[in-house]
Amino acid sequence: MELPAIHQTQTHPSTLVPPPTQQEPHLQQYISLLLRTCRTQKQIKQLHASAVKTHQMPSISSSLLSLYSNSNPQIGSLEYARSVFDRIQEPTSHSWNTIIKCYVENHRSHDAILLFCQLLFQQPRLSPDNFTFPCIIKGCARLQAVKEGEQVHGLILKTRFGSDLYVQGSLVGFYSKCGQVVSARKVFERMPERDLVSWNSMMDGYVKSGQVEAARELFEEMPQRDLFSWTVMIDGYSKCGMIEAARQYFDRMPVRNVVSWNAMIDGYMKCGDCVLAKHLFDEMPERNIVTWSSMVTGYEYNHRFMDALEIFEEMLKAGLVPNGAALVGALSAVSGLGLLDKGRWIHSYMRSNGIKIEGVVGTSLIDMYSKCGSIENALEVFRAIPRRSHVGLVNEGRRYFEMMRSEYGITPTAEHYGCLVDLLCRAGHLEEAKDVIEKMPMKSNEIIWMSLLSGCRSHGNVEIGEYAARRAIELAPDATGCYVLLSNIYAAAGQWDNVSLLRGMMKERGLRKDPGCSSVEHGGMVHSFVVGDRSHPQAEDIYSKLNEIRERLKCAGYIPDTRQVLLYVEDKEKEVELAHHSERLAIAFGLINIEPGKTIRVVKNLRVCNDCHLVTKLLSDIYDREIIVRDNSRYHHFRNGSCSCKDYW
DNA sequence: TTAGGGTTAG
């Protein structure tokens, strides 16, 4: 849309506020009128710019806020909505409700709750109303935040909005979604009048908690049924495996929409009837993105990998851009077949269509490359994934820390500073972390310096690492941990002279690094191993198992990560050192002795090294074994080639 | 005067 030129008002040079001119009312009406015709975000932004330029913002900001809050991403934008909201001098209840809803719709319910608290505690002239409560209750439901939702419920009972039909209905929905059917039913029973939505929410609560008969009773009881009620029943009977009953509802319902067809298709897929699912898919009058994704994931679920890929390609040919669900389904199908080229093709499709490689989709891509035998590509994807999600959380962390003081008047303790430093270190903000420690009002302890030191180890920062180690050693000269971490940093940077210096220093001070030791329980005994251990009665078998492991890892394309080996030795020797780490011995022992299908559980006294972590992931896949390693800081649950810590530890 | 709660894939 080309906008006609707007005459700019004359601005008085000495003041920021323009003097009133005759043009203004016209200009305001003109912009307001044009806003109503906006169909794209670009058009809204153009008018927004004009309004800023001509000082018309105060009069149109609430219309702009509503437009930017539109749930259609072609029109709405959370960031712009927030920016408009923040510049409204005195936001009305309506503005607050709009922005809170916008956050909930954009899956940012935590922020919605924060805003709700601000409205509650910092706006003496305003308070939540019958429009605010349904929004915030929905946010709590999205987060499965039962406690918070119950608190809001308590608040509602203290206001006059407890009798509002929408507020009551939203509470039924909240308790239903959180699996609290008894509470949902209590609210439902106390409603003086019930509309369709409340009946449907209540039924859905029963369905989601597996009580399909209770849902059916309500369905029979309810005064009138629309589309939603029927679809809830189809979904309910499908989910509990009663596919014929689901089909009866589908056949009996007076009007169907795409959602009811989708629910029925998914039902057939989940009970393994791909033929009937495909039949419905071919018959249906209208399909949406969920229809296609359900087909792809449904075929994949039934191990019909080729069919999954065919329907996925058909979806692309139909001009649809696949969403996360469809991509994950297609990539899993590729993994199932081991079709590396097909996987690469999907990857390049994603790149050329600007689909962000992050989150679950990123993990699926890594998983696909690993399962197709290309560890290099898997690593490439892994390294290329922007850790923005972490960046976002770092920002949130900083903000919450700040809010403790500024908004809640809580003085942070040493533990709070410790958390902030840990957060910053993990994300690589080492300078900032150092700054936080130095500026904290209380005396720093060795623990907080150690956390900076370990951040420096993960991010390979020698300079700050040395500084942190010095401070930690000053405070706790006998703690071996910081010497070890610092020598890890030196070793990774190839500064072997410093490694020897540090070793000398430790010797001088009579400090010894705890040797890595891993144990496995078997046959009522604990079997312990240290690095290179040959003392176990089954040593011979264990070492031949390690040889076999080495071969199988090589076939899987594994390249040893020798950065954390402390010894000043050639690369080949480093690999041998790695291959005999105590946890490898323990796992080899487990593979020999613990019967197939049973989990191998290892306990290690030190932190598991990067290379052993990667190897254990691969082994869990190669040998199809669940392996659980408890190191000195956390549990690592390895299964199907990945670890529960998502490589972040 | 405007706005709010319910169904399908992962």
Side-chain angles (χ1 to χ4, degrees), chain A residues 32 36 62-63 65-67 69-70 92-102 104-105 128-142 161 164-177 184 187-188 191 194-205 207-208 215 222 225-236 238-239 246 249-250 253 256-270 277 280 284 287-301 315 322-332 359-361 363-364:
Chain A
S32 300
R36 277 183 228 161
S62 49
S63 319
L65 176 63
S66 298
L67 279 170
S69 298
N70 196 305
T92 59
S93 287
H94 181 247
S95 313
W96 279 92
N97 295 340
T98 308
I99 192 71
I100 289 174
K101 178 179 185 242
C102 191
V104 173
E105 295 298 316
D129 60 20
N130 52 324
F131 290 100
T132 330
F133 287 123
C135 290
I136 202 65
I137 284 291
K138 187 179 180 179
C140 293
R142 283 255 168 97
F161 303 113
D164 185 283
L165 183 65
Y166 281 79
V167 173
Q168 292 171 339
S170 71
L171 284 167
V172 175
F174 159 73
Y175 284 118
S176 288
K177 282 216 166 60
V187 179
F188 182 75
M191 289 175 77
R194 299 167 190 140
D195 61 2
L196 258 175
V197 178
S198 335
W199 283 91
N200 290 336
S201 299
M202 194 58 239
M203 272 168 52
D204 193 48
V207 160
K208 293 289 185 303
M222 62 196 295
R225 304 166 189 128
D226 70 354
L227 258 165
F228 281 69
S229 325
W230 291 90
T231 310
V232 169
M233 291 314 294
I234 294 171
D235 183 47
S238 295
K239 291 252 159 53
Y249 280 90
F250 181 77
M253 68 192 292
R256 302 179 193 108
N257 68 357
V258 66
V259 181
S260 24
W261 285 85
N262 290 347
M264 199 62 234
I265 286 178
D266 186 57
Y268 280 125
M269 282 299 194
K270 290 287 148 62
L280 285 185
M284 66 198 291
R287 298 173 190 138
N288 66 9
I289 188 88
V290 178
T291 320
W292 289 93
S293 329
S294 303
M295 289 302 289
V296 176
T297 54
Y299 277 129
E300 197 275 330
Y301 177 84
M315 170 181 186
N323 57 10
L327 284 165
V328 170
L331 287 167
S332 306
V360 184
V361 174
T363 313
S364 298

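By convention in this document, chain letters (A, B, ...) are assigned in the order of the sequence lines, proteins followed by strands, and residues within each chain are numbered from 1. All heavy atoms count here, side chains included; hydrogens, waters and symmetry mates do not.
Nucleotide B/dA9 holds its P atom 5 Å from the CG atom of A/D266, rounded to whole Å. Atom CZ of A/F188 and atom C1' of B/dG5 are 14 Å apart (whole Å). Distance A/L171 CG to B/dG4 C1': 12 Å, rounded to the nearest Å. One atom, CG of A/N70, and another, C1' of B/dA3, lie 13 Å apart when rounded to the nearest Å. One interatomic measurement links the two molecules: OH of A/Y268 to C1' of B/dA9, which rounds to 18 Å at whole-angstrom precision. Between A/R225 atom CZ and B/dG6 atom P the separation is 22 Å, expressed in whole Å. For the pair A/N323 CG and B/dT8 P, the interatomic distance rounds to 15 Å; values are reported in whole Å. Atom CG in A/N257 sits roughly 16 Å away from atom P in B/dG6 (whole-Å rounding).
Nearest to the side-chain atoms of A/K208 among the listed nucleotides B/dG6, B/dT8, B/dA3 stands B/dT8. With B/dT7, B/dG5, B/dG4 as the candidates, the nucleotide lying closest to the side chain of A/D195 is B/dG5. Nearest nucleotide to the side chain of A/V232, out of B/dT7, B/dT8, B/dA9: B/dT7. Side chain of A/S293, nearest nucleotide from B/dA9, B/dG5, B/dT7: B/dA9. Comparing B/dT7, B/dG5, B/dT8 against the side chain of A/L165 picks out B/dG5 as the nearest. Taking every side-chain heavy atom of A/K138 into account, B/dG6 is the closest of B/dA3, B/dG6, B/dT8. Which of B/dG5, B/dA3, B/dT7 sits closest to the side chain of A/H94 comes down to B/dA3. Counting only heavy atoms from C-beta on, A/Y166 has its side chain closest to B/dG5 among B/dA9, B/dG5, B/dA3. With B/dG6, B/dG10, B/dT8 as the candidates, the nucleotide lying closest to the side chain of A/N200 is B/dG6.
The base of B/dG6 sits within donor-acceptor range of the side chain of A/D226, with an N or O pair under 3.5 Å. At a cut-off of 3.5 angstrom, the base of B/dG5 holds at least one donor-acceptor pair with the side chain of A/S198.
Within 4.0 Å (heavy atoms only), A/N97 reaches at least one base atom of the nucleic acid. Using a 4.0 Å heavy-atom criterion, one finds that A/S201 contacts the sugar-phosphate atoms exclusively. Within the nucleic acid shown, A/S63 has no heavy atom closer than 4.0 Å to any nucleic acid atom. Residue A/T231 is classed as a base contact, given a heavy-atom separation below 4.0 Å to a base.
Here the CE-NZ distance, from A/M203 to A/K208, works out to 10.0 Å after rounding to the nearest 0.5 Å.
With A/S294 as reference, A/V290 is the one residue of A/V296, A/T291, A/V290 to meet the side chain to side chain contact (heavy atoms under 4.5 Å, CB included) rule.
Judged by ring centres under 5.5 Å apart and planes tilted less than 30 degrees, A/F228 stacks against the six-membered base ring of B/dG6.
Side-chain contact, A/S260 with A/N257: a donor N or O sits under 3.5 Å from an acceptor N or O. A/D129 and A/T132 share a donor-acceptor pair across their side chains, judged by distance under 3.5 Å alone.
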Check step by step if ring-ring contact (aromatic ring centres under 6.0 Å, His included) holds for A/F188 and A/W199. CA-CA 8 Å; A/F188 182 75; A/W199 283 91; 5.2 Å; yes

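The closest donor-acceptor contact from the side chain of A/S176 to the backbone of A/A184 lies at 3.5 Å or more, if one exists at all.
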